[in-house]
Amino acid sequence: MEVRAHAKLNLTLDVLGRRPDGYHDLRMVMQSVALADVLTLEESGDGELRVRTNLHFLPNNEKNLAAQAALRWWEARGQVPRGLEITIEKSVPVCAGMAGGSSDAAAVLRALNELEGAGLSPAQLARIGERVGSDVPYCVTGGTALAEGRGEVLTPLPPLPPCWVVLCKPEFSISTPALFAKIDSVKLRCRPDTQGVIAALEAQDLVGVARRMYNVFEDALPERQRSRVNDIKNVLIQCGALGASMSGTGPTAFGLFDSEALAREAQERLTGVGGEVFLTRTV
Ligand code: C5P
């Protein structure tokens with residue numbers, strides 16, 4: 001079975017506080033984009049669970065979130081692990097704040113649900129997925145949604161009006177646990193207007209959403225990295241983006257465009273400056 005695992009972007013990301021369990025309470029508006037990994041699930045003749053990817057540095061064993069999802073699936077179903085080979089054609093940048101690994105895990109859960117004819121609901125798959133990672137529950141269904149709690153409390157939102165997205169992942173990666181640890185001691189300059197974004201989605205006001213996008217983790221980045229993310233955002237805005245922000249714990253920055261021509265211009269300007277640049281659409 002072949003299945004797609006879409007990347008996500010944060011239209012907003014707010015950290016409300018640290019919890020007794022060490023995680024943080026979040027409030028964020030999530031959006032899927034067409035950019036996706038493609039996973040193929042095949043029975044492995046030798047009874048082993050294996051992951052193969054086109055990126056040599058990704059784990060090919062149980063450290064890979066796709067394999068963890070399969071193990072959690074069998075555990076939740078009360079079955080012994082079966083022989084399975086998961087091949088992942090990665091297109092979504094890794095360690096980029098776009099939930100690439102979580103989306104692969106969610107795709108495995110959706111695929112096993114279908115392959116085994118188990119008929120679990122998206123909410124049931126999300127409960128299995130939250131044990132693999134905080135973004136997995138959202139990735140089970142994707143689309144436009146408000147995510148709260150650790151990320152697993154989901155409320156569907158009206159879809160973002162269709163638009164083009166230019167995104168750029170700079171050449172460095174960010175450690176999510178390290179940035180979460182740092183955010184506790186950072187004085188946040190400003191917070192996203194999450195309610196305003198939700199109201200703009202309800203009014204199907206793309207410009208209203210784009211202008212309100214904000215991610216508190218931008219304030220927690222080390223100076224040099226923050227300045228690189230800001231440079232990307234500035235290029236996007238100069239090229240006509242309706243708004244620009246960083247996704248997740250970064251470092252990917254993206255802009256929303258209502259014009260394909262302007263989006264292509266932004267893509268061209270960012271290409272060659274360094275990092276991975278994509279032009280995609282919201283889904
Ligand atoms: O849930 P996941 O494994 O993706 O989270 C990775 C790390 O990010 C956690 O170990 C934790 O340090 C941090 N995190 C957090 N609060 C959240 C989600 C993640 O502190 N809501």
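Just the heavy atoms: all of them, side chains too, but no hydrogens, waters or symmetry mates, feed the values below. When a ligand or atom number is given, it counts from 1 through the structure's own listing order.
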(message) Would you say the rings of F278 and F254 are close, in the sense that their centroids are separated by under 6.0 Å?
(response) no
(request) List for me each residue that meets side chain to side chain donor-acceptor pair (under 3.5 Å) alongside Q195, sequence neighbours excluded, and say none if there are none. (result) R27
(request) Indicate whether any N or O donor in one side chain lies under 3.5 Å from an N or O acceptor in the other, for T282 and Q31. (result) no
(request) Using modelled atom types only, decide if a donor and an acceptor are shared between the side chain of Q204 and the backbone of L201 within a distance under 3.5 Å. (result) yes
(request) Hey, could you give me each pair passing salt bridge (charged side-chain N to carboxylate O under 4.0 Å, His left out) that has a residue in residues 85-101? Not counting sequence neighbours. (result) D37-K90, R50-E85, R52-E85, K90-D104
Determine all donor-acceptor pairs shorter than 3.5 Å in which one atom belongs to a side chain in residues 236-244; sequence neighbours excluded.
| residue | atom | partner | partner atom | Å |
| --- | --- | --- | --- | --- |
| Q238 | OE1 | R269 | NH2 | 3.2 |

(request) Can you tell me which residues line ligand 1 if we count any heavy atom under 4.0 angstrom from one of its atoms, in chain and number order? (result) G22, Y23, H24, L26, G133, S134, R150, T176, P177, F180
